[in-house]
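Values in this document were obtained by computation on a predicted structure and should not be read as measured data. Indexing begins at 1, ligand by ligand and atom by atom, following the structure's order. Residue numbers run from 1 in the order of the sequence given.
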Amino acid sequence: MGSKLVRQGSDPADAAHKPALRAIPPGLHFVSTPIGAARDITLRALDVLAGADVLVAEDTRTLRHLMEIHGIPLGGRPVIAYHDHSGEGQMQRLLSLLAEGKSLAYASEAGTPLISDPGFELARAVAAAGLPMTAAPGPCAAICALTLSGLPSDRFFFAGFPPSAQGARRSFLEELAGVQATLILYESPKRLAALLAEMAVTLGATRQAVVCRELTKRFEEVLRGSLADLAGQVAAREIKGEIVVLVDRAPPAEATEETIGAALDTVLQTMSVKDAATFVSQTLGVSRKIVYKIALDRQG
Ligand code: SAM
């Protein structure tokens with residue numbers, strides 16, 4: 001599903017940006033584009049779109065529309081369609097242009113290329129050929145959702161779209177269950193209620209989760225609650241638009257004498273008994289007295 005660009009306001013600040021009159025260096029320039037609000041494009045992205053010799057896009061109509069909104073003329077430059085299944089011929093055509101020293105701007109349908117979007121095969125081929133490549137970073141639904149979620153952001157795991165086939169979907173969720181990071185998934189609105197219900201079973205009904213809908217757009221909405229709560233809320237109403245689902249990390253597994261012993265065996269190879277007891281008690285969140293006693297027992 002493509003992001004619809006929202007043209008905002010009609011005040012003078014909406015006047016088209018004047019791109020810098022700087023030459024765009026040769027090479028491939030990945031360009032991040034808005035996930036909703038057209039004004040989320042960066043000035044640098046506009047410079048690249050205005051100055052590149054060749055424009056390449058997952059959807060050429062979307063790119064033309066974005067350039068039109070921002071008053072960037074095509075000026076007779078070629079606009080080439082490319083996605084990761086475009087085939088070897090199209091890839092070779094882009095690599096030849098790069099080898100000739102041309103500057104190419106690549107934009108996917110919305111947000112950051114390669115993030116559940118095409119661009120990976122191209123980046124890999126350009127890297128392998130040793131040709132120049134850079135990125136004009138910008139909007140990405142996963143990062144925008146993480147920022148608004150209120151869930152821990154120190155470590156996160158972007159899982160993309162879950163598979164739609166039942167079996168593959170179950171093993172996908174089982175693999176995510178123990179990941180010690182905030183989980184970020186993309187999902188279509190029509191499968192959201194089923195996904196939340198399946199996650200309540202696989203990951204635990206009380207795990208905290210957040211659903212972000214229509215980010216940066218008019219009907220932006222953030223729903224928070226346990227997986228069971230959210231599954232109920234979403235099942236009870238019609239959900240439309242673009243969705244990111246985030247889930248808090250799994251609670252740490254409870255420490256047993258066995259897991260404490262295994263941790264001690266590892267650190268006792270390099271630490272004194274006292275230091276090992278302190279380290280393991282802090283890492284596993286268990287009383288130092290208990291850990292110290294287990295350490296002494298293991299010593300002998
Ligand atoms: N490359 C994009 C990015 O950087 O986020 C993602 C492209 S992927 C094909 C499209 C999915 O991203 C949507 O189905 C939805 O899960 C998520 N998404 C994109 N725009 C969104 C928005 N404005 N609000 C919420 N989710 C969005």
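- The closest approach between a heavy atom of Glu220 and any atom of ligand 1 is not below 4.0 Å.
- Among the atoms of Leu215, some N or O lies under 3.5 angstrom from an N or O of ligand 1.
- Contact check for Leu192 versus Val245: side-chain heavy atoms found under the 4.5 Å cut-off.
- Arg207 places a side-chain N or O within donor-acceptor distance of the main-chain N or O of Ala177, the cut-off being under 3.5 Å.
- Using a 4.0 Å cut-off to heavy atoms of Ser116, the atoms of ligand 1 that qualify are 7 (C), 8 (S), 9 (C).
- Taking all heavy atoms of Leu185, Ile184, Thr112, Leu114 into account, the minimum distance to atom 4 (O) of ligand 1 is reached by Thr112.
- Of all the listed residues (Ala141, Cys212, Pro189), Ala141 holds the heavy atom that lies closest to atom 18 (N) of ligand 1.
- With a 4.0 Å cut-off on non-hydrogen atoms, Glu214 touches ligand 1 through its backbone and not its side chain.
- With values rounded to the nearest 0.5 angstrom, Ser188 atom OG is found 14.0 Å from Lys240 atom NZ.
- With a heavy-atom cut-off of 4.0 Å, Ala110 touches ligand 1 through its backbone alone.
- Arg170 and Thr202 are not linked by any side-chain donor-acceptor pair at a separation below 3.5 angstrom, with hydrogens and angles left out of the test.
- We find the CZ-CZ distance between Arg249 and Arg155 to be 6.0 Å, quoted to the nearest 0.5 Å.
- Per-residue contacts place Glu187 under 4.0 angstrom from the following atoms of ligand 1 (heavy atoms of the residue considered): 16 (O).
- Atoms of ligand 1 lying under 4.0 Å from any heavy atom of Phe161, numbered from 1 in the order shown and given with element: 8 (S), 11 (C), 14 (O).
- Atom-to-atom distance recorded for Glu254:CD and Thr259:OG1 is 9.5 Å, nearest 0.5 angstrom.
- For Glu257, the CD atom sits in a loose shell: 12 or fewer heavy atoms of surrounding residues, nucleotides or ligands are nearer than 6.0 Å.
- For the pair Thr112 and Asp117, the minimum side-chain heavy-atom distance is 4.5 Å or more.
- Taking a cut-off of under 4.0 Å to the non-hydrogen atoms of Val244, the atoms of ligand 1 that pass are 25 (C), 26 (N).
- Residue Lys217 approaches ligand 1 through these ligand atoms, each under 4.0 Å from one of its heavy atoms: 23 (N).
- For residues 251-292, there are no ring-ring contact (aromatic ring centres under 6.0 Å, His included) pairs, not counting sequence neighbours.
- For residues 215-235, the set of pairs meeting the ring-ring contact (aromatic ring centres under 6.0 Å, His included) definition, not counting sequence neighbours, is empty.
- For ligand 1 and Cys140, the ligand atoms under 4.0 Å from any heavy atom of the residue are 4 (O), 5 (O).
- Residue Arg213 has no nitrogen or oxygen atom sitting less than 3.5 Å from a nitrogen or oxygen atom of ligand 1, judged on distance alone.
- When only interatomic distances are considered, the shortest N/O to N/O separation between Ile35 and ligand 1 falls below 3.5 Å.
- Residue Thr216 places no heavy atom under 4.0 Å from ligand 1.
- At a 4.0 Å heavy-atom cut-off, ligand 1 touches Asp117 through the side chain alone.
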